[in-house]
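First the structure, in the form of structure tokens, and then the observations on it.
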Protein chains: 2
Amino acid sequence: MIHSAKNQLEESMQHAGRRLTPQRREVLEVLLSQRDHPTAVEVFLRVKSRIPSISLATVYNCLETLVKSGLVRQVNVERDASRYCPNLQEHSHFICEKCGKVFDIPLQPQAKPESVWQIPKGFKLTSFETTMRGTCSHCSK
Amino acid sequence: MIHSAKNQLEESMQHAGRRLTPQRREVLEVLLSQRDHPTAVEVFLRVKSRIPSISLATVYNCLETLVKSGLVRQVNVERDASRYCPNLQEHSHFICEKCGKVFDIPLQPQAKPESVWQIPKGFKLTSFETTMRGTCSHCSK
DNA sequence: CTAGGTGCAAAAGGTTTGCGGTTAA
DNA sequence: TTAACCGCAAACCTTTTGCACCTAG
């Protein structure tokens, strides 16, 4: 009861030896409130309406800090601008080739990579990142 | 017997309405002869030793043409420079976090994405691209 | 003859960095 | 007081583009 979400967030940051500044809080707030995988520039524009003095470089810095603190994931698709995602569950991304939207795709509870890939002997897999393409349910109709 | 590899290649290109120029042939040759997923600049340097007059822009153009003709795959990892790969089999990539090398990982014969991901109803998956991280067999020892 | 290619240099696009000034533990 | 952080501008790196010239079909 005593620990609000704000405090938990503050702790997450401090755990990584970083401050929770108004800019960082607002950047995260923007990501949490509209989960459409915005680019750094899109985040910049949204935050700017709340903190008009913020600069793009600061948004990049804040995003980097949030990523390093484990609160945000950076999503790279092709060579386009990076997108940012506050979903901390293990998941992949699906890009609809018709509408361009990015969807989060959760993994199966006990997904076994070996069922999809022939991983050579001796290789130790620690993580994998997948981008899927196709059409979303709305555009498939 | 009559059709040499060269002719098959030429046909692949012409099928896409493109010419097989010395530069394009050499770029592909470089990729085929050393399959270490080089960047465009690395390809440029290797080709330059055979065709000293070639320019980086031409290497980019050749790579793009080869990718569009389906002879080469472009591999994007994070925001690093793109790497190029002449392996046309369906496969993913594994990056060793110790030595940095990129390995091709074949898919299982009849891999079912649904065994790994919870793909929402109505979504039509046409392709997926995966980058794995971990340690290769050599570095795991 | 002309569409497709090449090489060069310049530009574009996304991201990072250096720096002087500011702020919070 | 001092390390972390901000905003600004310049730099950086990869990739693309415009253009004049060239070449194969």
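Chain A is the first sequence line, chain B the second, and so forth, proteins listed ahead of strands; every chain is numbered from 1. Please read these numbers as outputs of a predicted model, since none were measured by experiment.
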Side-chain donor-acceptor pairs under 3.5 Å in residues 125-141 of chain B, sequence neighbours left out?
{"residue": "T126(B)", "atom": "OG1", "partner": "R133(A)", "partner atom": "O", "Å": "3.1"}
{"residue": "T130(B)", "atom": "OG1", "partner": "T130(A)", "partner atom": "OG1", "Å": "2.8"}
{"residue": "T135(B)", "atom": "OG1", "partner": "S140(B)", "partner atom": "OG", "Å": "2.9"}
{"residue": "S140(B)", "atom": "OG", "partner": "G122(A)", "partner atom": "O", "Å": "3.2"}
{"residue": "S140(B)", "atom": "OG", "partner": "T135(B)", "partner atom": "O", "Å": "3.3"}
{"residue": "S140(B)", "atom": "OG", "partner": "C136(B)", "partner atom": "O", "Å": "2.8"}

Problem set entry | Working for side chain to side chain contact (heavy atoms under 4.5 Å, CB included), residues T39(A) and R83(A) | CA-CA 4 Å; T39(A) 63; R83(A) 298 176 170 279; 3.8 Å; yes

Problem set entry | Contact pattern, 5' to 3', of nucleotides 2-17 of chain C - B, S or - by protein heavy atom under 4.0 Å | -BBSSBBB----SBBB

For this session: Would you kindly say whether N87(A) and Q89(A) are connected by a side-chain donor-acceptor distance under 3.5 Å?
Result: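 No donor-acceptor contact under 3.5 Å links the two side chains.
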
Exercise. 5' to 3' on DNA chain D, which nucleotides open and close the contacts with chain A (atom under 4.0 Å from a heavy atom)?
Worked result: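 Using the under 4.0 Å cut-off, the span is dA3(D) to dT15(D).
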
Exercise. Heavy-atom distance under 4.5 Å between the side chains of V116(A) and P113(B), does that happen here?
Worked result: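 No; the side chains remain at least 4.5 Å from each other.
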
Problem set entry | For H37(A), ring pair (Phe, Tyr, Trp, His ring centres under 6.0 Å) partners two or more places apart |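 H37(A) satisfies ring pair (Phe, Tyr, Trp, His ring centres under 6.0 Å) with H93(A) once adjacent residues are dropped.
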
For this session: Please identify each residue that fulfils ring pair (Phe, Tyr, Trp, His ring centres under 6.0 Å) with F44(A), with sequence neighbours left out.
Result: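 F44(A) satisfies ring pair (Phe, Tyr, Trp, His ring centres under 6.0 Å) with no other residue.
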
Would you give me the side-chain donor-acceptor pairs under 3.5 Å for residues 56-63 of chain B, sequence neighbours excluded?
{"residue": "T58(B)", "atom": "OG1", "partner": "S55(B)", "partner atom": "OG", "Å": "3.1"}
{"residue": "N61(B)", "atom": "ND2", "partner": "A57(B)", "partner atom": "O", "Å": "3.4"}

